[in-house]
> 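Okay, here's the structure, questions in a sec.
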Amino acid sequence: MKAMLVKNEKLVMSEVETPSPKSGEVLIKVHAIGINRADLLQRKGTYPSPKGWPEWPGLEVAGVIAEMSNEAIDGANFKIGDKVCALLGGGGYAEYVCAPVGMVMPMPKNLSFEEASALPEAYATSYLNLFFEGKLQKGQTAFIPAGASGLASVAIPMAKAFGARVITSVLSDEIAKKIEPLGADVIINSSREDVSSVLQCEEENGNPVNVSMDCLCGETLGKSMPYMAEGGYWIVISTLAGTESKVLLRPLLTKGLHLVGSMLRKRSSEYKSMLLTELVEKVWPKLESGEIQPSVYKILPFEQANEAQDILERGENIGKVVLRVCNE
């Protein structure tokens, strides 16, 4: 089979052996691949696949079950030929990939392979950090910065669908206009507005942040945390805007705030399986009803994997970038 191997920080189409499912695994014929910023880090050599996964990138795919181990047949509701999407530890940039059956989900009805491939990583990450880590409740306020990112394009509508108020940030009025359909209640233009000052005003107006799912961090984190709600959760999922911040400990203490680091990729397969089971139960019906809609920015052929990653590198996308592997 063909897979995209990393060579000199470039993705190179290469011939590799087609995998066979081990105990408890299924083999998926890949139709579409969701691109994630973690893939860019892996291409640069700073975010390798966890032990036991293929060396090439790819955290989420959609396709058709081609083969199943006996244990997977006995322990799951899937059969060969089923349309599925899957969360992976790596190895998704390929024509076939094996995954533990607990990390495989049915494709939501009425979605294309391309739309379904944009679900597993971004939706699992958003659900994990908003609801498991952040304990977000209906009527509370969530701060989800980098509103034009592929992750925010999922997290904002998800939080809104569960009854939360959402604040986000972008770099220009033009981008703010483009993300209006996501439904955020407040869009901060951080090129001319100070994020922490806006959050301070929100607190003074009775809308303090209960949960932040923060992929940026940097100095804004420390400046903003004092204006959170009592018992609030600031969830650090990446540090794109900087790895250092001055955190004032007094409000952390007096408000009982929580500063939490969270990485989906480091969770065990068992934990991910539990998370995905709840995701299918709680979020899939909202996708099937149209209450939440996948946001796909652009679809490129598999051969253009480098170009697809470059779109993320340049920050052009509002929504997910997807690779199409086959049209069958």
Side-chain angles (χ1 to χ4, degrees), residues 87 105 119-147 149 151-169 182-186 188 195-196 198-200 202-203 205-217 220-239 245 247-268 270-287 291-292:
L87 179 67
M105 298 170 285
L119 302 180
E121 174 71 17
Y123 277 70
T125 297
S126 298
Y127 197 83
L128 165 68
N129 293 300
L130 290 174
F131 299 103
F132 277 40
E133 297 288 3
K135 300 175 175 57
L136 184 64
Q137 301 292 319
K138 182 178 180 179
Q140 291 187 337
T141 296
F143 175 48
I144 304 170
S149 67
L151 187 58
S153 73
V154 169
I156 293 171
M158 183 183 293
K160 292 296 296 179
F162 284 91
R165 187 172 181 274
V166 176
I167 303 170
T168 190
S169 63
L182 297 179
D185 299 275
V186 177
I188 304 168
V195 171
S196 61
V198 174
L199 297 186
Q200 181 180 10
E202 289 291 316
E203 183 190 33
N205 292 329
N207 296 304
V209 171
N210 301 94
V211 179
S212 174
M213 191 180 86
D214 190 0
C215 66
L216 298 179
C217 295
T220 299
L221 185 158
K223 291 170 63 178
S224 300
M225 279 191 70
Y227 308 116
M228 295 191 77
E230 294 274 346
Y233 290 81
W234 198 286
I235 314 298
V236 175
I237 63 170
S238 190
T239 55
S245 193
V247 176
L248 298 177
L249 297 181
R250 192 64 186 171
L252 189 79
L253 173 65
T254 58
K255 285 188 170 183
L257 303 178
H258 304 79
L259 180 58
V260 181
S262 176
M263 293 178 67
L264 175 63
R265 198 175 198 181
K266 296 182 71 172
R267 314 282 173 143
S268 68
E270 293 76 18
Y271 187 97
K272 291 176 182 176
S273 178
M274 177 269 297
L275 172 65
L276 297 183
T277 297
E278 186 163 324
L279 192 67
V280 170
E281 177 187 341
K282 300 288 181 63
V283 178
W284 263 220
K286 295 183 183 294
L287 284 161
E291 187 176 355
I292 301 176

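We're numbering straight along the sequence, starting at 1.
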> Can you check whether P251 reaches M225 side chain to side chain, under 4.5 Å on heavy atoms?
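No, side chains not in contact.
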> Any chance you could measure I235, atom CD1, to C215, atom SG, to the nearest 0.5 Å?
13.5 Å
> Does any non-hydrogen side-chain atom of F132 lie less than 4.5 Å from one of M274?
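Yes. Closest side-chain heavy atoms under 4.5 Å.
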> Compare every heavy atom of E121 with every heavy atom of L87, then report the nearest pair and how far apart it is.
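Heavy atoms of L87 and E121 come nearest at CD1-OE1, 3.2 Å.
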> Could you walk me through whether R165 and V186 pass side-chain contact (heavy atoms from CB on, under 4.5 Å), step by step?
CA-CA 9 Å; R165 187 172 181 274; V186 177; 3.6 Å; yes
> Looking at every heavy atom in both A164 and L136, which two are closest together, and how far apart are they?
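Nearest pair, atom of A164 first, then L136: CB-CD2, 3.8 Å.
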> Would you check if the side chain of K255 reaches a backbone N or O of M228 as a donor-acceptor pair within less than 3.5 Å?
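Yes: the side chain of K255 pairs with the backbone of M228.
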> I'd like to check L275 versus L264 (side-chain heavy atoms, cut-off strictly below 4.5 Å). Are they in contact?
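The answer is yes, as the side chains (C-beta and beyond) meet within the 4.5 Å cut-off.
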> Where do A152 and A146 come nearest, in terms of heavy atoms and distance?
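For A152 versus A146, the nearest heavy atoms are CB-O, 3.2 Å.
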> Side-chain contact, heavy-atom cut-off 4.5 Å: F162 with L130?
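Result no, sub-4.5 Å side-chain heavy-atom pair not found.
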> Kindly compute the distance separating CD1 (I188) from OG1 (T168), expressed to the nearest 0.5 Å.
7.5 Å
> Under the side-chain contact (heavy atoms from CB on, under 4.5 Å) rule, what do K160 and D185 come out as? Steps first, then yes or no, please.
CA-CA 9 Å; K160 292 296 296 179; D185 299 275; 2.9 Å; yes
> Rounded at 0.5 Å granularity, tell me how far OG in S212 sits from CG in L257.
11.5 Å
> Within this structure, what is the CD1-OH distance for the pair I292 and Y123, rounded to the nearest 0.5 Å?
6.0 Å
> Any non-hydrogen side-chain atom of N207 less than 4.5 Å from a side-chain atom of I167?
no
> With heavy-atom distances below 4.5 Å as the criterion, would you say the side chains of F131 and M158 are in contact?
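A side-chain contact under 4.5 Å exists here.
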> Looking only at non-hydrogen atoms, find the nearest pair between E203 and P226 and report the distance.
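The answer is OE2-O, 4.2 Å.
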> What closest approach, in Å, do G134 and V211 show between heavy atoms, and which atom pair accounts for it?
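The pair with the smallest heavy-atom distance is O-CG2, 3.1 Å.
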> In Å and rounded to the nearest 0.5 Å, what is the OG to CG distance from S149 to L216?
8.0 Å
> Give the intermediate values and the outcome of side-chain contact (heavy atoms from CB on, under 4.5 Å) for residues T220 and D214.
CA-CA 10 Å; T220 299; D214 190 0; over 6 Å; no
> Could you grab the distance from atom OG1 of T277 to atom CE of M105, nearest 0.5 Å is fine?
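It is 9.5 Å, given to the nearest 0.5 Å.
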> If we only count heavy atoms from C-beta on, is the L221 to W234 side-chain gap below 4.5 Å?
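In short, these two side chains touch, coming nearer than 4.5 Å.
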> Anything under 30° is parallel, anything over 60° is perpendicular, the rest tilted; go ahead and classify Y233 against H258.
parallel
> Could you check if a side-chain atom of Y271 sits within less than 4.5 angstrom of a side-chain atom of L128, using non-hydrogen atoms only?
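When only atoms from C-beta onward are counted, L128 and Y271 do touch, with a gap below 4.5 Å.
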> Looking at N210 and A229, what are the two nearest heavy atoms and their distance?
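The answer is ND2-CB, 3.5 Å.
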> Does the side-chain contact (heavy atoms from CB on, under 4.5 Å) test come out yes or no for L279 and L119, once each step is laid out?
CA-CA 10 Å; L279 192 67; L119 302 180; over 6 Å; no
> Which pairs count as side-chain hydrogen bond (donor to acceptor under 3.5 Å, both in side chains) when at least one residue sits in residues 127-144, sequence neighbours excluded?
Y127-E278, N129-S262, E133-R267
